[in-house]
Structures are given as structure tokens and as C-alpha cells.
Amino acid sequence: MDICITNIGQLVTVASLGASTKKREAMRDLSILQNASIVIRDGIIREIGTFDSIHPVDDIHTVDAGGRVALPGFVDSHTHTVFAGSRESEFAMRSEGRTYQEIAASGGGIASTMRATRAATKKELLHSAERRLQEMMKHGTTTVEIKSGYGLSVDAETKMLDVLRDLHEQSLTTVVPTFLGAHSFPPEFSNDHDGYIRLLIETMLPYIGERKSAVFCDVFCEQGYFDLLQTEAILAAARRRGLMLKVHADQLSSSGATELAVRLDAISADHLENISDAGIDALSRSNTIATVLPGASFFLNHPYAPAKKMIDAGVAVAIATDFNPGSTMSFSMPMMLTIACTQMKMTPEEAIAAATLNGAAALGLSDKIGSLEIGKAGDVVLYDVRDYRTIPYHYGYNHVWKVVKNGTMLEF
Ligand code: NIG
Ligand code: FE
């Protein structure tokens, strides 16, 4: 359907004029138009301008935004949205002083969600993930990357990837699938790590490459999970099968995973709570995006990734939720903006650029989404505020008024 949204008080375009990312001071320039209108036809933005410069044709569906604020839909470029079960008991244990690592070592953590996810049917996983995506959309997120990684066997990883395919086909949200078979060693291989790596490289990745069931391959490169050599072997095999690369890097300890991500030309290195200066330097001389996950630090009471230092060094920084039942039980991108501003000292402008255009770049999609510019997808979110900075400022409250996805105004 064609639509013209008029009387937008602040149209926050995040325009980059062809650049795939925003870096340094460009992150603070959101190219805001006052009293603006936007015309979307066939799902694509066709016209943008001030209220008086746009003359919508008579039969177009026109929406008066009443002076409200419009932003590009958020691009949540790192999530684990498909899972079964929940881990409030671990949350309670952490509140009494146990750490994420201690809980994982005693059989909780990823293994706990793996057991629940293996036991769930495809239909159950699909249904719960669909509901989550709908809630995410209500909070302004129109594109979501989702990782497998709670199956950790051929059958259960295939089940998760099938769910991702169904979500991609059925959901209004744009869903981007990532294979994270290397999330943890499953119990069957606890004494045979090489055997699991062989299963990943010789069985799972060829199957995924052939069926094109994932766009990216990710590895949790961390002490007690996958080391640098194992990570490199898995990612090299993934590249040979046509997948692009991502790394969970330097989350719990500093290992050089970020430098490895850069050396392998990964599209993003994610987490970075314990990144070294050498890691920042490597990122600054690369095209690899630094995806920071403020919610994980907040929820686990871990250090925050040095986002400001990375921006100053010229690194393209993206923000995502990391939504998962263990380290971040929140899919609210506005909440991530608030944490980024208060704890990581990003400005509201930097946080918004990181959650839109740079998030799109972390999915290789910044020519299509992430900013409101002619030729890009009509993914526009209207907020019932007068100043875009109210979105991170007035936190814990959903300010979304209307969501337009590919030019269609959604009814919730
Ligand atoms: O990104 N670090 C690895 N994976 C997730 C946590 C997964 C879990 O605890 O279930 C993360 O934080
Ligand atoms: Fe993650």
C-alpha cells in the first residue's frame, strides 16, 4: 500500500548519503528534518521533504503524524530470539552473588536452554519467537538477526534453522538467520571437542551452505568455549561454504578474538566488553563493525564495552540487544539506547546511529535499511514524543505510536 506521512515534527533520517556506516563525528549528525513528510510507494521511500515541498497525490493514504517524531526502524543485529524455557532461577542466583560463569559451570547457562530447546517442538519454538518478534516490532524494531546455537546437534540445529526460515517467510519483521552451532560444546562431546568441531565443519556447515539456511556463521570465542584456533577453523570452513562471519569476541575475557575477527574480515565483532587496545586498533583499520551489547553488561553486572573510545578511534559502532534467556532478557532497543547513554557515555545521536544505520551495516543491509532515504525500505517508526532524545531519556516506557513496515502501517 502507498502511504504519505505528513506533519512529522522531527524526521530523524540518519541519512548517510551513500556511506554504509557512520563513524566519528558523523555519528552525531542524524540529518533531522523539521515539519517533514515522507512518501512510501511499493514499500520503498520515494519522497522526503518539508511539509510544503511534498504534494501527495489525491488517492494516497495520508497519515497526519501530529508533530510527532519519526525514526528508521531499529535494526537489532545480534539476538538469540529462538529458544525454549527460561532462566529466572539463574537471575535470582546472580542477585545472591553467583556469577554467570559459575552458574554455567554447574550445568546452567547455555546448556540449560539447550536442554529446553531440544525438548521443544518446531511449532512451539516458532510460536514463542513470533510473539517475541511482534513485541519487538511494537518497541520499534523492524529487522532482527537471530542465531541458532541452542540445539548443538545436527537435528536440533536444523530444527532451529527451520524455525528461522519459517519466521523469515511468515513474520512481518525482516529476519536474518545466523548459524551459531559453535555456541558451546554439547554434553555428548564434553570429552571430544575435536569430534564436535569435525561435526560442525564436515556435516553441519556443508548442509547449511547447500541449503543457504544461514547468512552468517558466528562463534562464541571464549575461555571454556571455543579457543582462537577452533574459532578460526570453524569460520574458515563457514566462509568456504558461502557464509559471512561474525564473532562473539572478548566478552568475558580478553583473548585476541577481535583481532582474529578483523584478520578474517568478519562483518562484525560483537560484545567487546574486554577488548584490548590492540583490538580497538585492529578494528579502526578494518571494515569490521564493533557491535556492542549494553544489555548484557547491565544484566550480568559486567564491564561495558569501551564504545566511546572505539568511536574516537574511528571504529563503526553498532548497538544490539543480544536478547537471550541468560545474559539479556530484554528485546527493547530503546532500553539499550538508555544504557548506552548513561553507562557508556554515548550521546543520544551516537546511540541512534549505532542502532539503525550501523546495525544495518552489521547485517550487510545498509543499502536497503537503517536510514530514511529515497530508495530505501519504508520502515518508519513514529513515537509519541516531540524530541527524539526523549526516547532514551524517558526510559522503561514504550513511546512507539505507530510502526510502518515496508510501507504498511501495522495494527497491533
Ligand atoms: O551473547 N555469550 C554467549 N552467548 C550469549 C549468552 C547465551 C546464554 O547465556 O544463553 C550472549 O551473551
Ligand atoms: Fe550473543
Side-chain angles (χ1 to χ4, degrees), residues 76-91 93-94 98-118 120 125 128-129 132 144-152 156 160 176-186 216-227 231 234 245-255 257-258 261 266-275 289-305 318-331 336 339 359 362-363:
D76 193 348
S77 62
H78 178 140
T79 85
H80 308 251
T81 300
V82 174
F83 61 87
S86 79
R87 288 164 38 199
E88 49 281 279
S89 59
E90 296 183 7
F91 174 72
M93 282 153 91
R94 280 200 303 279
R98 302 277 301 277
T99 66
Y100 179 83
Q101 290 93 317
E102 285 164 3
I103 294 167
S106 60
I110 293 168
S112 145
T113 301
M114 180 211 72
R115 289 189 291 273
T117 304
R118 282 183 177 181
L125 291 172
S128 56
R132 290 170 192 144
V144 180
E145 182 261 17
I146 308 180
K147 302 173 197 297
S148 70
Y150 288 125
L152 309 181
M160 288 195 78
V176 181
T178 294
F179 175 60
L180 180 61
H183 198 189
S184 183
F185 288 99
F216 300 103
C217 178
D218 194 345
V219 176
F220 186 19
C221 184
E222 184 64 54
Q223 258 173 46
Y225 295 84
F226 295 83
D227 67 21
T231 302
I234 296 162
L245 313 182
K246 288 179 172 285
V247 186
H248 275 70
D250 296 328
Q251 179 185 10
L252 308 174
S253 59
S254 180
S255 66
T258 303
I267 194 159
S268 69
D270 301 36
H271 274 287
L272 314 176
E273 287 86 334
N274 291 289
I275 190 172
I289 311 245
T291 300
V292 299
L293 307 165
S297 298
F298 175 77
F299 200 59
L300 299 178
N301 195 23
H302 282 180
Y304 287 88
I319 290 177
T321 61
D322 195 19
F323 173 49
N324 73 79
S327 69
T328 320
M329 195 56 189
S330 171
F331 45 56
M336 300 309 137
I339 305 173
L363 299 181

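Note that ligands are numbered from 1 as they come in the structure, with each ligand's atoms numbered from 1 the same way. Since we're looking at a predicted model, the values are computed, not measured.
- Of the protein's non-hydrogen atoms, the one nearest atom 12 (O) of ligand 1 is Ser327 OG, 2.5 Å.
- Distances from atom 3 (C) of ligand 1 to the heavy atoms of His183, His302, Glu222, His80 put His183 nearest.
- For His78 atom NE2 and His248 atom NE2, the angle they make at the Fe ion (ligand 2) is roughly 90°, to 10 degrees.
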Exercise for the section: Let me see the working for Thr328 and Met336 under side chain to side chain contact (heavy atoms under 4.5 Å, CB included), right down to the final yes or no. Expected result: CA-CA 10 Å; Thr328 320; Met336 300 309 137; 4.2 Å; yes
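- Compare Met114, Glu90, Gln251, Glu273 by their heavy atoms: the one nearest to atom 2 (N) of ligand 1 is in Gln251.
- No close placement of the His271 and His302 rings is indicated, their centers lying 6.0 Å or farther apart.
- Short contacts between ligand 1 and Tyr100, defined as distances under 4.0 Å to a heavy atom of the residue, involve ligand atoms 6 (C), 7 (C), 8 (C), 9 (O).
- A donor-acceptor distance shorter than 3.5 angstrom exists from the side chain of Thr117 to the backbone of Ala84, with no hydrogens or angles considered.
- When heavy-atom distances to ligand 1 are checked against a 4.0 Å cut-off, Thr113 has no atom that comes that close, whether in backbone or side chain.
- A donor-acceptor contact shorter than 3.5 Å links the side chain of Arg118 to the backbone of Gly151.
- Counting atoms of ligand 1 from 1 in the listed order, those under 4.0 Å from a heavy atom of Tyr150 are 7 (C), 8 (C), 10 (O).
- Of the possible donor and acceptor atoms, none in the side chain of Asn324 sits under 3.5 Å from a partner among the backbone N and O of His80.
- Ring to ring, Phe83 and Phe323 are close: their centroids are under 6.0 angstrom apart.
- Here Phe226 and Phe185 bring their ring centres to under 6.0 angstrom of each other.
- When you scan the N, O or S atoms of Asp322 for the one nearest the Fe ion (ligand 2), you land on OD1.
- A heavy-atom separation below 4.0 Å is found between Asp322 and ligand 1.
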